[in-house]
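Okay, structure first, notes after.
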Amino acid sequence: MKDALLDVLFASEKRKKVLLLLRDGPQEMGFILSGLKTSRPALLPQMKILKERNLLYQSGDTYGLTNVGKLIADEMKPFLDAIETLDKNSHYLTTHKTEGIPKPFLKRITEIKDFIVFEPDHISSYELNTDHFQEAMRSRAVYFISTFMHPESPLILEQLVKKGVCVLLILTEEFAHRIFTEYRDVFRYYLACNNVKVFTCKKEINISSLTVVDTGFQLRLLYKDGGFSNRQMLCYNPQARKWAKDLFDHYLQDAELITGI
């Protein structure tokens, strides 16, 4: 019986789309045909199967989901979104180290289903992503996690501080020790700024960097072998921004505020 129901749900693209289309309530056949871009003769046999399995009911020319049908459709949506996200970005996710994204956040991957992968060309591989930087400059607060020194980092920090943007920066202990040694006077200045807070994290951070701005995020993962990758995940919408800010807060829980060097 279980296998038969799975066949009903996934063996036909039309049946699957009908269930998802009717999640928000009953609809007339004309609306369903338009939404699925199909014909009545092609769709009716699939509707008959859904009715026989008590997933669909009919009232005149209107169709709706039964309680069982709605339960299944509600569970299908996040599952299919996750599959779509993983499939669309499978090359990036399989070649990069996802261990830096804790399991609770991987389970929420549908929240960033619209992310794109941006790869600078070889000549500009270490140049600033100017579009993302402009998003940062328009933000009230910017949250950084960094495990490496980007060549443009001092300039980025300087301009954000001058603009009055609130900056929170999490560094690994090893990286913090290095930059506090090499840029001691510079970071003394920033630590004295009211709009800057710098933290060190004892927890292992298996990402290259994360930048959360008001509109979304930029995330760099390491390659599977731990090597540096300049390919960037970018996503700009409120749901994606919340996902990334929650990821920042996850690392912040184990971070210690630096008050002086």
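Side chains included, hydrogens not; waters and symmetry mates left out as well; all remaining heavy atoms used.
There is a side-chain donor-acceptor pair under 3.5 Å between Thr215 and Glu135. Under 3.5 Å, the side chains of Glu111 and Gln239 contain no donor-acceptor pair of N or O atoms.
Judged purely by atom type and a 3.5 angstrom limit, Trp243 has no side-chain atom pairing as donor or acceptor with the backbone of Ile109. A donor-acceptor pair under 3.5 Å is absent between the side-chain atoms of Ser34 and the main chain of Phe31, judged by distance alone. Judged by distance alone, with hydrogens and angles left aside, the side-chain atoms of Thr66 form a donor-acceptor pair with the main-chain N or O of Gly69 at under 3.5 Å. At distances below 3.5 Å, not a single donor-acceptor pair connects side-chain atoms of Ser146 with backbone N or O atoms of Ser209.
Residues Cys201 and Ile145 have side chains not in contact (no heavy-atom distance under 4.5 Å, counting atoms from C-beta outward). In this structure the side chain of Leu191 never reaches within 4.5 angstrom of the side chain of Val196, judged on heavy atoms. Using a 4.5 Å heavy-atom threshold, the side chains of Leu33 and Leu36 count as separate. You'll find the side chain of Phe144 stays beyond 4.5 Å of the side chain of Leu210, heavy atoms only. Arg53 places none of its side-chain heavy atoms less than 4.5 Å from the side chain of Val68. No side-chain heavy atom of Phe199 sits less than 4.5 Å from a side-chain heavy atom of Leu169. Put simply, the side chain of Val18 reaches to within 4.5 Å of the side chain of Leu43, judged on heavy atoms. Considering only heavy atoms from C-beta on, Leu55 stays 4.5 Å or farther from Leu65 through its side chain.
Taking hydrophobic clusters as Ile, Leu, Val, Met, Phe, Trp and Tyr residues chained together by side-chain heavy-atom distances below 4.5 Å, Phe79 shares a cluster with Leu19. Side-chain heavy atoms closer than 4.5 Å link hydrophobic residues (I, L, V, M, F, W, Y) into clusters, and following such links, possibly through other members, connects Phe118 to Phe133. Hydrophobic clustering, with ILVMFWY side chains joined whenever heavy atoms are under 4.5 angstrom apart, keeps Tyr223 apart from Ile205.
Heavy-atom contacts from other residues, nucleotides or ligands closer than 6.0 Å to CG of Asn67 number 12 or fewer. Counting non-hydrogen atoms of other residues, nucleotides and ligands closer than 6.0 Å to NZ of Lys107 gives a total of 12 or fewer. Heavy-atom contacts from other residues, nucleotides or ligands closer than 6.0 Å to NZ of Lys163 number more than 12. Shown here is Lys242, whose NZ atom has no more than 12 heavy atoms of other residues, nucleotides or ligands within 6.0 Å. The neighbour count for Gln58 CD, taken as heavy atoms of other residues, nucleotides or ligands under 6.0 Å away, is above 12.
In this structure, OH on Tyr63 lies 13.5 Å from CD on Gln27, to the nearest 0.5 angstrom. With values rounded to the nearest 0.5 angstrom, Asp254 atom CG is found 9.0 Å from Leu252 atom CG. Summarising the geometry, atom CD1 belonging to Ile32 is positioned 4.0 Å from atom CE belonging to Met47; distances are rounded to the nearest 0.5 Å. Here CZ of Arg220 is found 9.0 Å from OG of Ser229. Values are rounded to the nearest 0.5 Å.
When each of Lys14, Lys16, Arg15 is tested with Gln46 by the rule side-chain hydrogen bond (donor to acceptor under 3.5 Å, both in side chains), just one qualifies, namely Arg15.
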| task | Report the C-alpha separation of Leu56 and Leu22 in whole Å, then their side-chain angles, then the decisive distance to 0.1 Å, and conclude whether the side-chain contact (heavy atoms from CB on, under 4.5 Å) test is met. | result | CA-CA 9 Å; Leu56 200 67; Leu22 297 179; 3.4 Å; yes
| task | Given side-chain contact (heavy atoms from CB on, under 4.5 Å), test Leu171 with Val198 step by step and report yes or no. | result | CA-CA 8 Å; Leu171 309 172; Val198 182; 4.0 Å; yes
| Can Arg138 and Gln134 be said to form a side-chain contact (heavy atoms from CB on, under 4.5 Å), step by step? | CA-CA 6 Å; Arg138 287 191 287 266; Gln134 291 305 316; 3.9 Å; yes
| said: Apply side-chain contact (heavy atoms from CB on, under 4.5 Å) to residues His177 and Thr172 and explain how you reach the verdict. | reply: CA-CA 9 Å; His177 176 75; Thr172 61; over 6 Å; no
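Both cation-pi conditions hold for Lys245 and Tyr143: the charged atom is under 6.0 angstrom from the six-membered ring centre and inside a 45 degree cone around its axis.
Closest approach of Val117 and Phe115 over heavy atoms only: CG2-CE1, 3.7 Å. In plain terms, the two heavy atoms of Tyr57 and Pro26 that are nearest each other are OH-CG, 3.3 Å. Asn195 and Leu160 get closest at one heavy-atom pair: ND2-O, 4.3 Å. Among all heavy-atom pairs drawn from Asp214 and Ser139, the shortest one is N-OG, 3.0 Å. Ile207 approaches Leu222 most closely through the heavy-atom pair C-CG, 4.3 Å. In this structure, Phe175 and Thr147 approach most closely via the heavy-atom pair CD2-C, 3.9 Å.
Residues Asp61 and Arg40 are paired through a salt bridge, judged by an N-O separation under 4.0 Å between the basic side chain and the carboxylate. Looking at Lys48 and Glu52, a side-chain N of the basic residue comes within less than 4.0 Å of a carboxylate O on the acidic one, giving a salt bridge. Salt-bridge check for Asp246 with Arg108: passed, with a basic side-chain N closer than 4.0 Å to an acidic carboxylate O.
The aromatic rings of Tyr236 and His132 are tilted relative to each other, their planes meeting at an angle between 30° and 60°.
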